[in-house]
Amino acid sequence: LFVTVGSLEHRKGPDIFCNAIRLLPSAVREKAVFLFVGKAADKGMYSAVDSLVRDYPQTVFYRKRLERPEVKSLISSKSEITLEYILFSR
């Protein structure tokens, strides 16, 4: 499980992460799950994420917000889950 947490804005580069996901071989991409969490501060960046969610609905997800209990549950649900907080700066 790969999770990006933070508002979707140009300086954080969610579009770069979206492009990286698209470049993965399908066999690799299908084994992973990607979750974007954050306010859509930039319509262009949200569009990149939304397009990815529509293209890969089984493995890519977007949530505007997660409550603390949801985050705790996500972290503790399975020991093999690794959370990657990815921030790209421009």
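None of these values were measured; they are calculated from a predicted model. One is the number of the first residue; the rest follow in order along the sequence.
- Formation of a donor-acceptor pair under 3.5 Å by the Glu30 side chain with backbone atoms of Ala27 is not found in this model.
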Could you go through residues 52-60 and list every donor-acceptor pair under 3.5 Å that involves a side-chain atom there, pairing it with any protein atom two or more places apart or in another chain?
{"from": "Arg54", "atom 1": "NE", "to": "Asp50", "atom 2": "OD2", "distance (Å)": "3.1"}
{"from": "Arg54", "atom 1": "NH2", "to": "Asp50", "atom 2": "OD2", "distance (Å)": "3.4"}
{"from": "Asp55", "atom 1": "OD2", "to": "Arg22", "atom 2": "NH1", "distance (Å)": "2.8"}
{"from": "Asp55", "atom 1": "OD2", "to": "Arg22", "atom 2": "NH2", "distance (Å)": "2.9"}

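- Contact between Glu70 and Glu67 at its shortest, heavy atoms only, is OE1-N, 2.7 Å.
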Donor-acceptor contacts under 3.5 Å from residues 31-48 side chains, at least two apart:
{"from": "Asp42", "atom 1": "OD1", "to": "Gly44", "atom 2": "N", "distance (Å)": "2.7"}
{"from": "Asp42", "atom 1": "OD1", "to": "Met45", "atom 2": "N", "distance (Å)": "3.0"}

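- Rounded to the nearest 0.5 Å, atoms CZ (Phe17) and CG (Leu8) are 12.0 Å apart.
- Using a 4.5 Å heavy-atom cutoff, the side chains of Pro14 and Thr4 are not in contact.
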